[in-house]
Enquirer: 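So that we are looking at the same thing, I have put the structure below in structure tokens.
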Amino acid sequence: MNSKKEQKLHQEITFAGNIQEYLREFVYGGIDGAVTTFAVVAGAVGANLDPAIIIILGFANLLADGFSMSVGAYLSSKSDQENYNKHKAVEYWEVDNLPQKERQEIEDIYRDKGFEGELLQQVVDVITADKDRWVDEMMKDELNMMEETKSPFKIGLATLISFIVVGFIPLMIYVYDYFRDTNFDVFLWTSVFTGLAFAVVGWMKSYVNQTNVFKSVGETLGLGFLAALVAYYVGDFLEGLINFSLDENYRSCHPKNGSNRSRVPSETI
């Protein structure tokens with residue numbers, strides 16, 4: 001009973017098993033994948049680009065940005081581990097070569113925590129009796145550094161997989177429409193499926209951050225569609241700007257026929 005209450009308190013996903021250790025990377029990789037790919041699709045739709053071009057732009061973003069983000073996550077984690085190990089090596093050297101100074105630092109740390117007198121000396125004696133324990137205490141209490149136990153490679157891999165899997169959803173309907181002749185609103189259904197993806201990822205984010213589920217889902221949906229809305233109107237604005245520029249250039253070269261020139265189809269731009 002107490003175990004179940006503790007799992008609920010910590011919002012643990014029991015069926016996720018060891019995967020839950022990398023849930024944070026999966027969630028944020030998925031959010032970034034869905035938001036950026038859907039924004040690319042929305043911008044292309046706003047510019048009235050051909051569906052084939054939307055697919056090309058979407059997959060280019062999906063693979064390039066996904067790889068870039070996973071490499072960034074891997075290097076960031078690896079850098080943190082290397083920085084931790086560097087400081088840990090310094091602490092081992094100080095314990096070996098400046099033991100009195102390091103012992104005094106342990107004593108000061110635990111005095112600030114409220115220990116005093118004989119009890120303080122007993123605590124210090126126990127900690128300094130074991131070199132590894134001594135160094136761990138210095139890393140945690142003096143430098144405020146905690147060792148990262150997760151694999152940098154798995155962090156990068158989880159980010160890449162989630163980015164591509166969740167980021168593919170905004171392209172899914174366009175790929176289906178490309179191979180099969182459909183008669184429904186492709187962008188509408190893309191928005192629906194992407195919204196569902198945002199909701200699922202937002203639900204998972206609530207477990208990572210231990211926040212209210214509805215707040216997390218609403219936040220993810222709102223920010224995702226806001227990014228898409230901005231991209232859509234930017235695409236629409238740039239399309240109008242380019243067509244206006246082409247019209248002006250045509251009129252300057254053909255002053256007599258300029259007024260009869262029709263708007264250039266977007267897919268020819």
Side-chain angles (χ1 to χ4, degrees), residues 13 16 19-20 22-70 72-73 156-209 211-239 266-267:
I13 304 177
I19 298 175
Q20 183 166 273
Y22 297 92
L23 185 61
R24 180 181 183 278
E25 286 73 26
F26 187 89
V27 166
Y28 288 106
I31 289 175
D32 198 42
V35 169
T36 55
T37 308
F38 188 47
V40 168
V41 170
V45 171
N48 288 318
L49 297 181
D50 187 81
I53 297 177
I54 294 176
I55 293 174
I56 292 171
L57 293 176
F59 273 103
N61 168 80
L62 188 65
L63 297 176
D65 203 12
F67 179 75
S68 174
M69 187 175 179
S70 64
L157 184 62
T159 302
L160 178 63
I161 291 174
S162 64
F163 190 102
I164 291 177
V165 170
V166 183
F168 174 71
I169 293 175
L171 295 172
M172 181 173 61
I173 303 299
Y174 280 92
V175 172
Y176 179 83
D177 178 66
Y178 183 79
F179 289 103
R180 291 177 176 271
D181 189 21
T182 60
N183 56 4
F184 53 77
D185 189 328
V186 177
F187 184 63
L188 174 63
W189 282 102
T190 293
S191 301
V192 170
F193 278 101
T194 304
L196 291 174
F198 282 145
V200 171
V201 174
W203 169 73
M204 296 174 69
K205 182 164 72 76
S206 72
Y207 282 86
V208 172
N209 296 335
T211 56
N212 181 271
V213 174
F214 296 104
K215 178 184 177 182
S216 182
V217 170
E219 184 179 68
T220 306
L221 280 169
L223 292 176
F225 281 109
L226 179 62
L229 191 66
V230 171
Y232 178 88
Y233 282 107
V234 167
D236 183 63
F237 171 76
L238 291 177
E239 186 219 11
S266 299
E267 54 267 25

Enquirer: Minimum heavy-atom separation for M69 and G29, please, with both atom names.
Expert: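 What the structure gives for the nearest pair is CE-CA, 3.9 Å.
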Enquirer: About how many Å separate CZ of F187 and OH of Y232, when rounded to the nearest 0.5 Å?
Expert: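 Going from the OH atom of Y232 to the CZ atom of F187 covers 7.0 Å.
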Enquirer: Quick one, L157 and Y22 - any side-chain contact, counting heavy atoms below 4.5 Å?
Expert: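 The answer is no, as the side chains (C-beta and beyond) never meet within the 4.5 Å cut-off.
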Enquirer: Over all heavy atoms of both residues, which pair between S206 and V213 is shortest? Give the atoms and the distance, please.
Expert: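 Looking at all heavy atoms of both residues, the closest pair is OG-CG2, 3.5 Å.
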Enquirer: Considering non-hydrogen atoms only, spot the tightest contact between G156 and S70 and give its length.
Expert: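 Minimum heavy-atom separation between G156 and S70: O-CB, 3.2 Å.
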Enquirer: Any side-chain heavy atom of F26 sitting closer than 4.5 Å to one from V208?
Expert: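 F26 vs V208: side chains apart.
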Enquirer: So, does T220 use its side chain to make a donor-acceptor pair with the main chain of S216 at under 3.5 Å?
Expert: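 Side chain of T220 to backbone of S216: a pair is present.
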Enquirer: Quick check: do S191 and F38 have side-chain heavy atoms less than 4.5 Å from each other?
Expert: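 Yes, their side chains come closer than 4.5 Å.
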Enquirer: Tell me, please, which residues at least two apart from Y174 pass side chain to side chain donor-acceptor pair (under 3.5 Å).
Expert: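 Counting only residues at least two positions away or on another chain, Y174 forms no side chain to side chain donor-acceptor pair (under 3.5 Å).
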Enquirer: How many angstroms lie between atom CD1 of I173 and atom OG1 of T182, to the nearest 0.5 angstrom?
Expert: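 If we round to the nearest 0.5 Å, I173:CD1 and T182:OG1 are 8.5 Å apart.
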Enquirer: So how far is it from N61 CG to I56 CD1, rounded to the nearest 0.5 Å?
Expert: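 The CD1 atom of I56 is 13.5 Å from CG of N61, to the nearest 0.5 Å.
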Enquirer: So, using side chain to side chain donor-acceptor pair (under 3.5 Å) as the criterion, who are the partners of T190 when residues are at least two apart?
Expert: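 So T190 forms no side chain to side chain donor-acceptor pair (under 3.5 Å) with any residue.
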Enquirer: Could you give the distance from CG (D185) to CG (D177), rounded to the nearest 0.5 Å?
Expert: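 Going from CG on D185 over to CG on D177, the span is 10.0 Å.
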Enquirer: Should V27 and N209 count as side-chain neighbours, where that means a heavy-atom distance under 4.5 Å?
Expert: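 V27 vs N209: side chains apart.
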Enquirer: Taking the six-membered ring for Trp and the full ring for Phe, Tyr or His, determine whether the centres of F67 and F163 are under 6.0 Å apart.
Expert: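 Not close enough - the centres of the two rings lie 6.0 Å or further apart.
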Enquirer: Using side-chain heavy atoms (C-beta onward) and a distance below 4.5 Å, is V35 in contact with F198?
Expert: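 Yes; the side chains approach each other to less than 4.5 Å.
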Enquirer: When rounded to the nearest 0.5 angstrom, what distance separates CD1 in I55 from CG in D50?
Expert: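 Between atom CD1 of I55 and atom CG of D50 there are 9.0 Å.
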Enquirer: Provide the closest heavy-atom pair for A199 versus L221 in the form atom of the first, atom of the second, distance.
Expert: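 That closest heavy-atom pairing would be N-CD2, 4.2 Å.
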Enquirer: Who pairs with D32 by side chain to side chain donor-acceptor pair (under 3.5 Å), at least two apart in sequence or on another chain?
Expert: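 If we apply the side chain to side chain donor-acceptor pair (under 3.5 Å) test to D32, skipping adjacent residues, there are no hits.
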Enquirer: Sub-3.5 Å donor-acceptor pair from the side chain of T37 to the main-chain atoms of A34, do we have one?
Expert: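 No: the side chain of T37 does not pair with the backbone of A34.
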Enquirer: Give a yes or no on this: more than 12 heavy atoms of other residues, nucleotides or ligands lie within 6.0 Å of atom CZ of F168.
Expert: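 Correct, the count exceeds 12.
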Enquirer: Nearest heavy-atom pair of Y178 and A52: which atoms, and what distance?
Expert: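 Scanning both residues completely, I find the closest heavy atoms to be CE1-CB, 4.2 Å.
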Enquirer: What pair of heavy atoms forms the shortest contact from A44 to I54, and how long is it?
Expert: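 Smallest interatomic distance, heavy atoms only, reads CB-CG1, 3.5 Å.
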Enquirer: What distance do F193 atom CZ and W189 atom CH2 have between them, rounded to the nearest 0.5 Å?
Expert: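 Output value for this atom pair is 6.5 Å.
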Enquirer: Check whether any side-chain heavy atom of F184 sits under 4.5 Å from a side-chain heavy atom of V186, and report yes or no.
Expert: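 Yes. Closest side-chain heavy atoms under 4.5 Å.
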Enquirer: Taking it one step at a time, do Y28 and T159 satisfy side chain to side chain contact (heavy atoms under 4.5 Å, CB included)?
Expert: CA-CA 7 Å; Y28 288 106; T159 302; over 6 Å; no
